[in-house]
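Structure first, commentary second.
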Amino acid sequence: MAHLFVSNQPTAAVGEWRSPKARMRCEDLRVRFGDREVLRGVSLDMGRNEVTAVIGPAGAGKSTFLRCLNRMVEANHHCEVQGRVLLDGEDIHAPGVDAVRFRGRIGMVFPKPNPYPKSIYENVAYGLRIHGLVSCKSEESSLVELVFRQAGLWREFGRRLLAPALSLTPGEQQRLCIARALAVNPEVILMDEPCSSLDLGSGAKIEQMIDELRQAYTIVLVSHSLKSAARVSQRTAFIREGRLVEVGPTAMMFTAPSHPLTDRFISGYSE
Amino acid sequence: MMHDGAEGHTFKRFDGQLSNLHLMVVEMGQAVHQQVQDALTAVRTQDIQLAQKVLGRHQDIDRMEVRADAEIVEVIAQNAPLASDLRLVVAVSKSVGDLQKVGEEAARMAMLLEEIQLESAPPLMETLLAEVDRMGGSVLSHLDTAVGLFGQWDEEKALHVIAGHRQMDGDFQTELHRVMTCLLEESLDLKAAVRLVLVAKSLDRIIHHALNLAEYAMFEVYGGVAVRS
């Protein structure tokens with residue numbers, strides 16, 4: 001990773017960015033697309049068994065931040081990244097690190113459900129196969145069932161595994177995508193606006209699912225819906241213009257944030 | 001106590017609704033202040049007609065609370081406020097409840113007047129009435145300050161009100177002790193003395209409501225738990 005930036009002093013954010021429960025850690029993360037600096041020294045811990053919500057106005061760098069956590073940001077060849085992203089103490093951006101291996105440990109859910117144009121069963125089984133997690137058909141079907149059960153979706157999908165995934169409602173498709181992300185047994189799940197394309201009821205089911213999944217996973221959630229972030233997260237980070245402005249317990253952030261910019265954003269004041 | 005920024009909420013009507021909530025507290029505060037002031041005047045001057053006016057206006061206070069509650073529910077339903085807006089709505093919601101109770105205390109004092117009234121009050125009774133009136137003046141001052149915090153935040157004044165209730169606790173105990181001493185010496189009419197103590201107790205309750213108002217205002221500004229100790 002090239003060291004490209006002159007101004008390397010991290011900007012102090014309000015609140016403690018470190019967490020005693022940290023499983024994933026970003027240190028002075030900086031991202032530039034050509035001349036445009038999108039992230040300007042973000043340091044943040046994401047704790048195990050908790051949901052860390054990342055909030056901020058459009059263009060603040062939230063999604064870029066999320067895509068640094070599984071190196072998806074590198075898909076853009078004009079992108080230059082500086083700083084460290086540690087998973088259990090190991091820098092995933094370090095030279096020589098196999099990005100594909102790390103992506104198996106970090107699942108991702110996108111704003112719009114994007115199931116494969118195959119059966120419900122195949123959407124989960126495919127990941128198991130390509131990651132070499134199954135050796136025979138019976139083991140595969142057992143694991144598929146286990147994945148759906150762990151995701152709390154077996155009752156919903158168990159009787160129609162051979163139905164085309166694209167025949168499902170958008171909410172069902174998104175829940176299937178979450179199950180698919182869980183199939184390869186990740187440690188961290190990144191969620192980029194997982195409810196943004198869903199109606200209220202479907203969004204509520206996803207939120208319920210997130211709440212249950214945090215018992216076993218480290219979850220990082222980017223959301224434009226402040227209400228959704230307030231409901232499902234335990235820790236909230238507010239990013240604005242590429243900088244971490246404030247981080248703290250969600251209850252505190254949504255009732256009595258310390259930084260006036262956080263208060264203005266959460267209260268819905270004009271930028 | 002609104003945001004200092006020149007720009008308001010993206011949804012402009014929300015700004016108006018929040019301002020209106022503050023205004024409701026101030027207006028209701030002024031109305032109950034007038035009620036307490038008139039009730040005290042009626043007690044001091046033995047003015048039955050003024051006491052009846054206080055009782056007649058009591059329903060207006062209740063109506064103000066009902067209107068404020070409806071406005072609060074509407075603001076929550078439409079805007080689901082967060083952060084400082086949420087604290088404002090919570091503070092206003094709790095404040096109107098306390099103000100309604102202050103209104104009840106004013107009405108209670110007015111109702112007690114008839115029992116206190118004496119054809120020719122003995123000098124001792126006049127002294128006690130003057131003492132209650134002095135307490136009343138202090139209570140009105142604190143209530144006025146507490147309500148004013150919702151118009152313009154002033155931390156020093158808020159802390160003054162919060163500290164003030166301790167002094168008033170002492171005043172009430174002193175008053176009670178004095179009346180009890182007079183009763184033991186059989187120099188006071190029992191019925192009138194009890195009513196006088198009840199007026200003093202109403203004032204004691206009002207100062208606690210004023211303390212609550214100051215705490216709600218402080219919660220609105222800073223968040224966190226109440227500062228009472």
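Residue numbering restarts at 1 for every chain, and letters A, B, ... go by the order of the sequence lines.
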*asked:* Does atom NZ (A:Lys112) have a neighbourhood of more than 12 heavy atoms from anything else shown, all under 6.0 Å?
replied: no

*Contact check, side chains of B:Phe219 and A:Thr255, non-hydrogen atoms, under 4.5 Å*: no

*How about A:Met72: does its CE atom have over 12 heavy atoms from other parts shown lying under 6.0 Å from it?*
yes

*Taking C-beta and beyond as the side chain, do B:Arg87 and A:Asp263 meet within less than 4.5 Å on heavy atoms?*
yes

*Would the number of heavy atoms belonging to other residues, nucleotides or ligands and lying under 6.0 Å from CD of B:Gln59 be above 12?*
no

*Given that the side chain runs from C-beta out, which part of B:Leu86 has a heavy atom under 4.5 Å from chain A: side chain, backbone, both or neither?*
side chain

*Give the intermediate values and the outcome of side-chain contact (heavy atoms from CB on, under 4.5 Å) for residues A:Phe265 and B:Leu82.*
CA-CA 10 Å; A:Phe265 173 72; B:Leu82 288 170; over 6 Å; no

_Would you say NZ of B:Lys157 has more than 12 non-hydrogen atoms from neighbouring residues, nucleotides or ligands within 6.0 angstrom?_
no

_Rounded at 0.5 Å granularity, tell me how far CG in B:Leu18 sits from OG in A:Ser267._
9.0 Å

